[in-house]
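Comments concern the structure below.
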Amino acid sequence: MAQDNLTAVLYKTKDLRLEQTPIPEIADDEVLLRMDCVGICGSDVHYWQSGSCGHFVLKEPMIMGHEASGVVAKVGANVKKLAVGDRVAVEPGVPCRYCEFCKTGRYHLCPDMRFCATPPYHGNLCRYYKHAADFCYKLPPHVTMEEGALLEPLSVGIHACRRGGVGAGQSVLVLGAGPIGIVTMLAAKAMGASKIVITDILQSRLDFAKKLGADHTVLVSRESSETELVQTIHGLLGDQPDISIDASGAQATVRLALLATKSGGVAVLVGMGSPELTLPLAGAVAREVDIRGIFRYVNEYPIALSMVASGQINVKPLVSHHYSLEETLEAYEVARQGLGIKVMIHVQPRDANNPQKF
């Protein structure tokens, strides 16, 4: 067994180090993975820069990383569906399996959820990582390791669309064209949305969204008035959006979601912003706009994998930057600056575990 387990450990705010850690011992229902691809998420940057994300606070050193794929290096005694050499996508949250939420199919709300790189649990930005076998999904031969890692953010977008009830012929407003906004747009399109408008404060991101299939884009500036933005969105759609999905978390975008949505429609809040916001609730209530929050995803990894494997959704263009594990600090700095869309760290040489070149 190899001894090298180079690992990215966050000790405290702005103190991310690469160091050797022990290769973990697996339980009977776990697999040991040789990690391959690990994407950087906005939450990773939050922990690195401020030591917290939402109500999760870093109190002791934590291994980073949760958007990941790897290759099975060892299987536990009870593992039947995976074998050494299998390429897998890692669903990073493992629930208790026994509580009310787990038993009723909403395991993402489990109070004892062990989620990668969420205090106090370690992540998977390392050479070797152990995980529950039933939360590892075998990748078909034509699906790349990068695509496997991107199933994590894609699952968020799919969950947002499912919570919103996106279906054939509906119009959708997506607020925010960052990685989550983009995958939400892709999911909405794959689920049959007829028209999609996406907003952002950066023209470059809107241009990218347009290339990937957005019907219309709206550039928002500090001078933009809510009334004018609502009118612009309605004008582009030719109607009011059936479903608005906020992928930003900023007060301005949440407000716009509530104001623009059709009476009787749905506003889905994905972005995690300030703990308290000032919102135009009275109008939304009077128009019976359903306001639905989402937290991560549940039962969506198989759907995400199916959509990618079948070609319904193409996530490959999302990866804008590539770095090795040894270049982790540089990769995090690029992500912090908001350059590109998705920054990918290759723990093993890029394409080393892809059966063919793409």
Side-chain angles (χ1 to χ4, degrees), residues 8 16 35-49 64-70 89-90 92 117 123-125 139 143-158 160 174-190 196 198-214 217 219-220 247-249 270-271 304 307-308 311 313-354 357-358:
L16 180 60
M35 300 309 297
D36 188 294
C37 285
V38 183
I40 299 179
C41 170
S43 64
D44 296 320
V45 175
H46 275 297
Y47 287 122
W48 176 44
Q49 289 297 301
M64 301 300 286
H66 67 271
E67 301 180 357
S69 62
V90 180
N124 48 33
L125 185 47
L139 299 177
V143 175
T144 68
M145 301 303 281
E146 289 176 24
E147 290 174 300
L150 288 167
L151 295 186
E152 202 280 338
L154 178 57
S155 293
V156 176
I158 292 171
V174 178
L175 299 117
I180 296 300
I182 294 291
V183 293
T184 299
M185 180 201 76
L186 293 173
K189 202 163 186 67
I196 302 174
I198 190 164
T199 72
D200 203 89
I201 57 174
L202 295 176
Q203 186 63 48
S204 59
R205 289 191 165 183
L206 294 176
D207 293 342
F208 183 72
K210 188 78 171 175
K211 284 182 185 175
L212 293 190
T217 64
L219 181 65
V220 179
S248 166
V270 184
M307 284 181 149
V308 168
I313 291 180
N314 180 15
V315 293
K316 291 178 187 175
L318 270 67
V319 184
S320 55
H321 293 76
H322 301 270
Y323 292 93
S324 67
L325 179 59
E326 290 82 358
E327 297 170 323
T328 290
L329 287 170
E330 185 180 347
Y332 265 73
E333 183 58 28
V334 167
R336 183 189 68 79
Q337 294 176 32
L339 303 176
I341 298 293
K342 178 58 65 177
V343 178
M344 188 68 68
I345 295 174
H346 297 270
V347 179
Q348 299 183 47
R350 187 179 175 191
D351 289 332
N353 294 301
N354 290 334
K357 301 297 181 185
F358 292 84

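Heavy-atom basis, side chains included; hydrogens, waters and symmetry copies ignored. All values derive from a computational prediction rather than experimental measurement.
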Worksheet item: Mind checking whether V156 and V183 have side chains closer than 4.5 Å, heavy atoms only?
Response: no
Item to complete: Kindly indicate, with the supporting measurements, whether the criterion side chain to side chain contact (heavy atoms under 4.5 Å, CB included) is fulfilled by L125 and M35.
Response: CA-CA 8 Å; L125 185 47; M35 300 309 297; over 6 Å; no
Worksheet item: Rounded to the nearest 0.5 Å, how far apart are NE2 of H321 and CD1 of I341?
Response: 10.0 Å
Worksheet entry | Contact summary for A177 and L206, nearest pair of heavy atoms | CB-CD2, 4.3 Å
Discussion item. Check this for me: does any side-chain nitrogen of one of K342 and E146 sit under 4.0 Å from a carboxylate oxygen of the other?
Written reply: no
Worksheet entry | Among V315, I313, L151, side chain to side chain contact (heavy atoms under 4.5 Å, CB included) partner for M307 | I313
Worksheet entry | Smallest separation among heavy atoms of C37 and H346, with atom names | SG-ND1, 3.6 Å
Worksheet item: For the atom pair CG (D36) and CG (D351), what is the distance rounded to the nearest 0.5 Å?
Response: 9.0 Å
Item to complete: Please test L139 against M145 for side chain to side chain contact (heavy atoms under 4.5 Å, CB included), starting from the C-alpha separation and ending with a verdict.
Response: CA-CA 8 Å; L139 299 177; M145 301 303 281; 4.0 Å; yes
Worksheet item: Given the rule in the side chain to side chain contact (heavy atoms under 4.5 Å, CB included) test, do M344 and L150 qualify, once you have shown the distances and angles that lead to the verdict?
Response: CA-CA 9 Å; M344 188 68 68; L150 288 167; 4.1 Å; yes
Response to the item:
When every non-hydrogen atom of M64 is compared with those of D44, the smallest separation belongs to CE-O, 3.5 Å
Practice prompt. Kindly compute the distance separating CG (L329) from CZ (R336), expressed to the nearest 0.5 Å.
Written response: 12.0 Å
Fill in: Member of I180, T184, I182 meeting the side chain to side chain contact (heavy atoms under 4.5 Å, CB included) criterion with P153
I180
Item to complete: First locate atom CD1 of I198, then atom CZ of F208, and finally report the distance between them rounded to the nearest 0.5 Å.
Response: 10.5 Å
Discussion item. Evaluate V343 against Y332 for side chain to side chain contact (heavy atoms under 4.5 Å, CB included), listing each step before the verdict.
Written reply: CA-CA 8 Å; V343 178; Y332 265 73; over 6 Å; no
Worksheet item: Got L318 and L212 here, is their nearest side-chain heavy-atom distance under 4.5 Å?
Response: yes
Worksheet item: When rounded to the nearest 0.5 angstrom, what is the spacing between NZ in K210 and CD in Q203?
Response: 10.5 Å
Discussion item. Could you report the tightest heavy-atom contact between G176 and A247, atom names first, then the distance?
Written reply: O-CB, 4.2 Å
Discussion item. Looking at every heavy atom in both A68 and V38, which two are closest together, and how far apart are they?
Written reply: CB-CG2, 4.1 Å
Response to the item:
dist L186:CG -> L154:CG (nearest 0.5 Å) comes out at 7.5 Å
Item to complete: Write down the atom of H66, the atom of C41, and the distance for their closest heavy-atom approach.
Response: CE1-CB, 3.4 Å
